[in-house]
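Input: a single structure, listed below in structure tokens.
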Protein chains: 2
Amino acid sequence: MAVSVTSRALDLLGAFDTGHRRLTLSAMARRAGLPLATAHRLAGELHRWGALDRAASGEYVIGRRLWDLGLLAPVQSGLRHAASPFLHDLYAATLATVHLAVRDDAEVLYVDRLAGHVSVPVVSEAGTRLPMHATGVGKVLLAYAPENVVVRVLAGLTRVTPYTVTEPARLLTQLRRVWAEGYATTGEEMSLGACSVAVPVRGPGGSVVAALGIVVPDLRRGRARLVAALQVAASGIGRTLSCTSSVQ
Amino acid sequence: MAVSVTSRALDLLGAFDTGHRRLTLSAMARRAGLPLATAHRLAGELHRWGALDRAASGEYVIGRRLWDLGLLAPVQSGLRHAASPFLHDLYAATLATVHLAVRDDAEVLYVDRLAGHVSVPVVSEAGTRLPMHATGVGKVLLAYAPENVVVRVLAGLTRVTPYTVTEPARLLTQLRRVWAEGYATTGEEMSLGACSVAVPVRGPGGSVVAALGIVVPDLRRGRARLVAALQVAASGIGRTLSCTSSVQ
DNA sequence: CGGCCCCTTCCGGTCAGCGGAAGGCAAGTA
DNA sequence: TACTTGCCTTCCGCTGACCGGAAGGGGCCG
């Protein structure tokens with residue numbers, strides 16, 4: 001196993017996640033599986049550099065320096081930039097929560113989210129990872145993912161709500177419909193009271209680079225209008241990406 | 001000086017900045033001041049963990065794992081979340097580029113930005129740091145900053161455009177006006193063709209925690225309307241922050 | 001072909017990192 | 001008050017992980 005200082009320091013950072021934004025030293029040590037004294041020394045070093053900050057309570061939090069380093073990641077610089085204005089248009093037109101997501105291995109990674117004042121119960125925010133089979137953007141991304149990813153996802157269809165699709169055959173049918181109709185939907189499969197529609201975003205080469213989705217309380221009416229709005233936005237993003245593809 | 005592995009690894013990450021999003025191994029090594037072989041080993045370790053990714057060209061870029069770690073930083077989780085819907089309203093109402101910024105020592109750190117399709121030349125995006133004396137949000141934050149910060153900023157008024165305020169006395173007068181009138185303005189002081197208005201955002205305790213600004217091509221007309229819209233949004237954000245202050 | 005630049009791998013000496021142990025502080029319990 | 005439990009911090013001597021010069025391999029150019 002890895003016992004290098006570097007990987008230990010990184011594991012210490014890895015102790016933070018969406019549900020653990022502030023950790024005491026001992027909590028970090030425990031989660032990273034490091035002796036307290038070691039964690040103390042490493043955390044001190046990370047803190048000195050700015051990768052960790054200390055809250056007023058003395059707990060550790062991710063530091064500003066890591067925040068702006070993270071913003072340099074290509075996930076966002078290219079895609080998010082190009083998409084930003086279209087997301088607003090979409091929000092203005094639908095007043096629904098808007099999502100932009102990419103596939104990260106066998107999960108959906110939310111790249112941007114745009115929520116209004118009042119919104120249906122939505123778990124995701126930027127940086128969140130969710131299973132592919134229970135979200136609209138996930139189904140879209142899965143439909144255009146390589147074979148081996150599909151196989152892995154199909155092998156692990158965990159139930160999230162009573163409506164989550166857990167039979168591989170049924171999900172495959174849905175993926176085929178994404179191909180045919182150009183969009184995916186969900187109905188309370190991730191969280192109760194939330195339905196979603198999503199469409200693929202195509203990059204310069206015509207390949208699917210992201211998915212664009214919105215979450216609404218109900219899909220029985222206005223579905224066509226939503227799909228149309230999504231597709232306009234998606235193709236707009238695609239065109240913008242083509243223009244700036246030099247930077248990637 | 002620090003010669004610990006950890007700090008070297010961090011320095012390697014620090015080689016990336018807004019102007020250097022993709023670096024070859026040797027470029028990283030050069031910028032971090034490390035021997036090539038050492039940089040190679042460390043970069044490999046960072047890559048294995050996901051802190052660095054490799055672009056198709058073989059160059060290194062900041063990895064996704066760092067990206068979502070960064071999103072956990074408190075700069076954003078609290079403030080940005082609370083502000084998000086109000087920023088949209090503001091954008092919808094004004095169609096101007098909207099900025100949310102905090103003070104980071106003696107600089108302005110842009111926390112969020114919301115730009116339309118067509119926009120005046122604006123340099124900032126989320127994660128950018130700019131000097132305080134040449135931006136609207138900067139002047140607001142400076143007006144409510146501790147004495148010693150003001151002193152340091154006044155000591156280093158660098159010129160950015162011909163219109164940048166570089167005389168300490170004149171900037172002080174402007175700061176006093178921020179106090180009196182509750183908002184700050186700039187006129188082509190950071191980039192030509194861009195004017196701005198900004199107001200403070202007050203947190204639970206009444207202290208100024210951030211600044212909210214918009215950038216427009218011209219301030220001669222409609223200033224009052226813009227200030228009013230900004231103040232509505234700012235007080236909305238403040239109220240939201242109070243509600244969720246338990247999380248901080 | 002030779003020159004250039006980049007990336008990658010190797011290996012033994014040595015010094016940075018390790019972590020158990022001990023001490024200090026703050027809160028809760030009796 | 002004294003005891004417990006939980007944190008954080010510091011110390012120090014042993015040791016194995018890190019260091020980095022050197023050598024080798026690929027791609028590109030003239």
Side-chain angles (χ1 to χ4, degrees), chain A residues 1-17 19-63 65-66 72-74 246-248, chain B residues 1-17 19-63 65-66 72-74 246-248:
Chain A
M1 268 306 269
V3 275
S4 73
V5 213
T6 316
S7 70
R8 283 161 181 240
L10 291 171
D11 288 342
L12 217 47
L13 293 178
F16 292 86
D17 65 26
H20 302 84
R21 295 165 181 250
R22 346 172 83 214
L23 293 172
T24 63
L25 178 60
S26 24
M28 286 170 68
R30 218 175 306 128
R31 287 173 61 85
L34 295 177
L36 194 61
T38 306
H40 179 254
R41 195 164 19 84
L42 292 177
E45 222 153 350
L46 292 169
H47 180 228
R48 222 165 298 129
W49 190 80
L52 291 179
D53 270 353
R54 310 201 65 164
S57 58
E59 287 169 306
Y60 287 92
V61 293
I62 296 294
R65 187 124 179 222
L66 264 195
L72 299 174
S246 56
V247 188
Q248 232 206 29
Chain B
M1 268 309 267
V3 276
S4 71
V5 213
T6 316
S7 71
R8 283 162 180 237
L10 291 171
D11 287 343
L12 217 47
L13 293 177
F16 292 86
D17 64 26
H20 301 84
R21 294 166 180 249
R22 345 171 84 216
L23 294 172
T24 64
L25 179 60
S26 24
M28 284 171 70
R30 219 175 305 128
R31 288 172 60 85
L34 295 178
L36 193 61
T38 306
H40 180 253
R41 194 164 20 85
L42 292 178
E45 222 153 351
L46 292 169
H47 179 229
R48 220 164 301 129
W49 190 80
L52 291 178
D53 270 353
R54 310 201 65 164
S57 58
E59 288 168 307
Y60 286 93
V61 293
I62 296 293
R65 187 124 180 223
L66 263 195
L72 299 174
S246 56
V247 188
Q248 230 202 37

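Protein chains get the first letters and strands the later ones, always in sequence-line order, with residue 1 at the start of each.
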Return the nearest nucleotide to the side chain of [X]; candidates are [options].
| X | options | result |
| --- | --- | --- |
| H40(B) | dT9(C), dT9(D), dA17(D) | dT9(C) |
| L42(B) | dG20(C), dC7(D), dC19(D) | dC19(D) |
| S26(B) | dG17(C), dC6(C), dC7(D) | dC6(C) |
| T24(B) | dC19(D), dT9(C), dC7(C) | dC7(C) |

DNA chain C nearest-nucleotide lookup for T6(B) and R41(B): closer to the 5′ end is R41(B)
Calculate the interatomic distance between [X] atom [atom1] and [N] atom [atom2]; express it in whole Å.
| X | N | atom1 | atom2 | result |
| --- | --- | --- | --- | --- |
| D11(A) | dC18(C) | CG | C1' | 16 Å |
| R48(B) | dT8(C) | CZ | P | 12 Å |
| L23(A) | dG6(D) | CG | P | 18 Å |
| E45(A) | dA16(C) | CD | C1' | 10 Å |
| L36(A) | dG20(C) | CG | C1' | 11 Å |
| H47(A) | dC8(D) | NE2 | P | 14 Å |

So what does L34(A) touch, heavy atoms closer than 4.0 Å: a base, only the sugar-phosphate, or nothing? nothing
What is the nucleic acid contact for T38(A), judged by heavy atoms within less than 4.0 Å: base, sugar-phosphate only, or nothing?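 Result for T38(A) = base.
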For D11(A) and G14(A), indicate whether the former's side chain and the latter's backbone hold a donor-acceptor pair under 3.5 Å. no
Do any side-chain nitrogens or oxygens of R8(A) fall under 4.0 Å of OP1 or OP2 in dC18(D)? no
Are side-chain heavy atoms of V5(B) and E45(B) found at a separation under 4.5 Å?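 Contact flag for V5(B)/E45(B) side chains = no.
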Check whether any side-chain heavy atom of L66(B) sits under 4.5 Å from a side-chain heavy atom of L13(B), and report yes or no. yes
First encountered from the 5' end of DNA chain D, between A37(B) and L25(A): L25(A)
Step-by-step side chain to side chain contact (heavy atoms under 4.5 Å, CB included) determination, T6(A) to W49(B): CA-CA 10 Å; T6(A) 316; W49(B) 190 80; over 6 Å; no
Working to the nearest 0.5 angstrom, can you tell me the gap between T24(B) OG1 and R54(B) CZ?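 If we round to the nearest 0.5 Å, T24(B):OG1 and R54(B):CZ are 10.0 Å apart.
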